[in-house]
Amino acid sequence: MSLLERVTSFESLAPERGRDLSESPSSRDRKLSFSPLPESWDPPMVTEGQQPIGAFEVPYAKRIWQVVIAVIYCLFAAGIVFGYAAIKPVLIREQVYRNFCTPDEIKRGVRTCYEQEIHLNLMFTIAAVGTNVAALPIGHILDTYGPRICGITGSFLLAIGALLFAFASQLPFDGYIPGYLFLALGGPFVFISSFQLSNAFPKHSGLILALLTGAFDSSSALFLIYRIIYQWSGGTFWPKKFFLVYLVVPVFILIVQIFVMPKASYKTIGELVKQVEEADDVYDDQIDENTALLRDEHQQRQSVVSEITDLIGSKSGVTHLKKEEKKNKISGVWGAMHGKTAAEQIASPWFILIALFTVIQMTRINFFVATIRKQYEFLLGSYGAAVEINTFFDIALPLGGLLAIPFIGVVLDHTSTFFVLSALVAIATTIGVLGCLPYTWAAYSNICLFVLYRPFYYTTVSDFSAKVFGFRTFGTVYGLIICLAGLFNFTQSGLDAVTHMVFNGDPVPVNIILLSAAFVVGTALCGFVGYRAYQMRREILVHEAEWTRETIMPGAQSPDRL
């Protein structure tokens, strides 16, 4: 998954604990950096070319086009590798890695042999790991060189991946694994760099982020569409033709990055508010008839102030601050580790428990995506039934993300973090149980819950990290969580081996092991968060009681008047 599913902007306007709402939000301590490398409190000096730009400086129509174009190319590039379950049958029919099968297995006409299955799943595993680990360098590149360089880099990676996959069968080395990996790496580059477009229309940033996230979730359907075309053509539209045609996508991304998309990120609300404050520092009484140049400059400043006010809705961030404060108060754990260093946060139970939970859940999710057809072929005892389940999953996966997006925001903004985590654990446990039952109704129920749970889970982890650890260390802490989870996904090959060699293809024992581990860690996480939320509420009440002033009733000082 991408680095950000839930963060609503490049900044948080919520004030620190105990800070007066009347203070203006500063971009210095509220700008969300995607770089995983810790920085000092003072923002680094950047060259003129990387200076952020105000959205009001760009024509309205052009900003509209930028958002539309970003949604389009994210739809075709952001997360296509997660449509692996859809393209896997095509690769099997094209006999990819069939050379790893033994003569006896080929003679018996097995659909997929053990070694072939392992290599195919390894291709997806490496791609999934690459997608998550890429969060580390992408954040730093984006912060240092801007969104255009990120987008161009992503277009080249996608082109390399498509070419390797197209000519893999003709190369003297295995081109499928690096090809799929490059496709996986290109997606986050173009997707993450598009998030700054939410600041092109600050009053509608939530809608823009929802569109981009929806495009990411829907992009997995690309391989499903290809598989349908492949089957309709009787196999004549084979992978080489498809991936050569797909080169249109990275070429399109490259062209729009150069000629349409912004070179630098758009300014955040905090940066715009700061610009307004600086403009207001120029007073009318400092300008007289002999300083026409200063008068013109002052009028220009006021014009900029007017444009910024129209853009963000007000000259101050108080409205946004109050809205964010309300959501943070509901969460119950907001600010738990704010102000701590990244090292202190990483060593805390907050980090350890959410990291363990993420590692286990991401492994479960990707293992299921890679082996869904094999699992249900064994559970239902029918290859035809497994194909139907697989097809339903291919359609439901992108749709699930689209359907879940509106509800995820409502749940996260209006319920406590403890409730959200408890819901995650309960749903994950239900999915685990359904995944072990050898019934068709259980299979369809499992998939329906899974496709809704997946975006909910990814979004909750980033939301949890932002609320608990804060934005100053977000890139470091969240990036490390996703990186660790990605690296642990290499255990999928081991799980595949155990399933085939130890349990004779039965996926239930491995599913039970993963289910049990997730339940134990999830319960511990919920228990810790619930206890700390209770403690934090008590601390707030004690603090408010200590600072409450004594109010004397009217006439209390003169009882004779009563």
Side-chain angles (χ1 to χ4, degrees), residues 80-98 100-101 105-106 108-125 127-128 176 180 218-239 242 364-401 431 434-452 454 492 495-496 499-500 503-508 510-511:
I80 58 173
V81 294
F82 292 102
Y84 171 76
I87 199 173
K88 184 179 179 181
V90 176
L91 300 179
I92 293 174
R93 184 170 173 179
E94 289 294 322
Q95 299 191 345
V96 174
Y97 294 127
R98 188 70 172 177
F100 286 98
C101 297
E105 289 172 325
I106 294 176
R108 287 189 285 114
V110 295
R111 277 183 290 272
T112 56
C113 63
Y114 168 68
E115 287 293 334
Q116 182 184 16
E117 185 76 17
I118 289 295
H119 278 78
L120 286 170
N121 292 344
L122 179 64
M123 180 180 74
F124 173 70
T125 299
Y176 290 106
Y180 211 70
S218 300
S219 63
S220 62
L222 181 66
F223 285 156
L224 170 62
I225 296 172
Y226 166 58
R227 192 183 77 189
I228 294 173
I229 296 174
Y230 175 84
Q231 294 172 340
W232 174 79
S233 68
T236 57
F237 192 60
W238 52 308
F242 170 74
R364 289 182 66 191
I365 288 172
N366 290 333
F367 180 68
F368 182 74
V369 171
T371 61
I372 179 172
R373 182 173 293 196
K374 274 290 182 182
Q375 286 198 35
Y376 281 112
E377 184 178 356
F378 184 93
L379 289 173
L380 302 179
S382 168
Y383 176 74
V387 170
E388 292 180 2
I389 296 293
N390 196 160
T391 302
F392 176 75
F393 174 77
D394 295 336
I395 298 172
L397 185 62
L399 289 179
I431 290 174
L434 290 173
C436 296
L437 300 178
Y439 306 109
T440 303
W441 65 266
Y444 283 104
S445 301
N446 183 27
I447 289 174
C448 290
L449 274 179
F450 178 88
V451 298
L452 294 173
R454 179 173 170 266
Q492 284 187 54
L495 296 176
D496 269 340
T499 301
H500 284 82
F503 302 115
N504 299 317
D506 185 357
V508 174
V510 170
N511 286 340

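Here the structure is a predicted model, which is why all the values come from computation and not from measurement.
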Worksheet item: What is the minimum heavy-atom distance between T440 and L380, and which atoms define it?
Response: N-CD2, 3.9 Å
Fill in: Student check: side-chain heavy atoms of N366 and F124 closer than 4.5 Å
yes
Fill in: Sole candidate of D394, L397, I87 that passes side chain to side chain contact (heavy atoms under 4.5 Å, CB included) when paired with L224
D394
Worksheet item: Can you name the residues that form a side-chain hydrogen bond (donor to acceptor under 3.5 Å, both in side chains) with Y230, not counting sequence neighbours?
Response: E94
Worksheet item: CD1/I228 to CD1/I395 distance, rounded to the nearest 0.5 angstrom?
Response: 6.5 Å
Item to complete: Scan side-chain atoms only and decide if Q116 and T112 contain a donor-acceptor pair under the 3.5 Å cut-off.
Response: no
Discussion item. Could you go through M123 and L91, starting from their C-alpha distance and side-chain angles, then the distance that decides it, and tell me whether this counts as side-chain contact (heavy atoms from CB on, under 4.5 Å)?
Written reply: CA-CA 11 Å; M123 180 180 74; L91 300 179; 3.5 Å; yes
Worksheet item: What pair of heavy atoms forms the shortest contact from P507 to L379, and how long is it?
Response: CG-CG, 4.2 Å
Fill in: Straight-line distance of K374 NZ to N121 CG, nearest 0.5 Å
9.5 Å
Worksheet item: With sequence neighbours left out, which residue pairs that include part of residues 378-392 fulfil the salt bridge (Lys or Arg N to Asp or Glu O under 4.0 Å) condition?
Response: none
Discussion item. With rounding to the nearest 0.5 angstrom, report the OH to OG1 distance, Y180 to T125.
Written reply: 10.5 Å
Worksheet entry | Sequence-distant partners of V110, side-chain contact (heavy atoms from CB on, under 4.5 Å), two or more places apart | R98, E105, R108, C113
Worksheet item: Side chains of F450 and F393: does their closest heavy-atom pair fall under 4.5 Å?
Response: yes
Item to complete: List the atom of R227, the atom of P89, and the distance in Å for their closest heavy-atom pair.
Response: NH1-CG, 3.8 Å
Practice prompt. For residues C101 and I106, report the shortest heavy-atom separation together with the two atoms involved.
Written response: CB-CG1, 3.9 Å
Discussion item. Would the distance check show the side chain of Y84 and the main-chain N or O of L120 forming a donor-acceptor pair, the cut-off being under 3.5 Å?
Written reply: yes
Worksheet item: Hey, does L495 have a side-chain heavy atom less than 4.5 Å from the side chain of T371?
Response: no
Worksheet item: Just how far is it from atom CG of D506 to atom NE2 of H500, taken to the nearest 0.5 Å?
Response: 11.5 Å
Discussion item. A cation-pi test, strictly: NZ or CZ of R454 under 6.0 Å from the centre of the six-membered ring of F368 and no more than 45 degrees from its axis. Yes or no?
Written reply: no
Item to complete: Please name all residues satisfying ring-ring contact (aromatic ring centres under 6.0 Å, His included) with F367, sequence neighbours left out, ordered by chain then number.
Response: none
Item to complete: Please report the C-alpha distance between Y376 and N390 in whole Å, then the side-chain angles of each, then the deciding distance to 0.1 Å, and finally whether the side-chain contact (heavy atoms from CB on, under 4.5 Å) criterion is met.
Response: CA-CA 9 Å; Y376 281 112; N390 196 160; over 6 Å; no
Worksheet item: So, do S233 and W238 sit near enough that their side-chain heavy atoms are less than 4.5 Å apart?
Response: no
Worksheet entry | Partner of N446 under side chain to side chain contact (heavy atoms under 4.5 Å, CB included), chosen from I372, L434, I389, V451 | L434
Worksheet item: Would you call the rings of Y439 and W441 parallel, tilted or perpendicular if under 30° counts as parallel and over 60° as perpendicular?
Response: parallel
Worksheet item: With side chains defined as the heavy atoms from C-beta onward, is the minimum distance between F242 and L222 less than 4.5 Å?
Response: yes
Discussion item. Enumerate the salt bridge (Lys or Arg N to Asp or Glu O under 4.0 Å) contacts for residues 109-124, please, sequence neighbours excluded, ordered by first and then second residue.
Written reply: K88-E117, R111-E377
Worksheet entry | ring-ring contact (aromatic ring centres under 6.0 Å, His included) against F223, all qualifying residues, sequence neighbours excluded | none
Worksheet item: How are the rings of Y444 and F392 set relative to one another: parallel (under 30°), tilted (30 to 60°) or perpendicular (over 60°)?
Response: perpendicular
Worksheet entry | Residue pair F378 / N504: nearest heavy atoms and the distance that separates them | CE1-O, 3.8 Å
Worksheet item: For Y114 and D496, does a side-chain donor sit closer than 3.5 Å to a side-chain acceptor?
Response: no
Worksheet item: For the residue pair G400 and L452, what are the closest heavy atoms and their distance?
Response: O-CD2, 3.7 Å
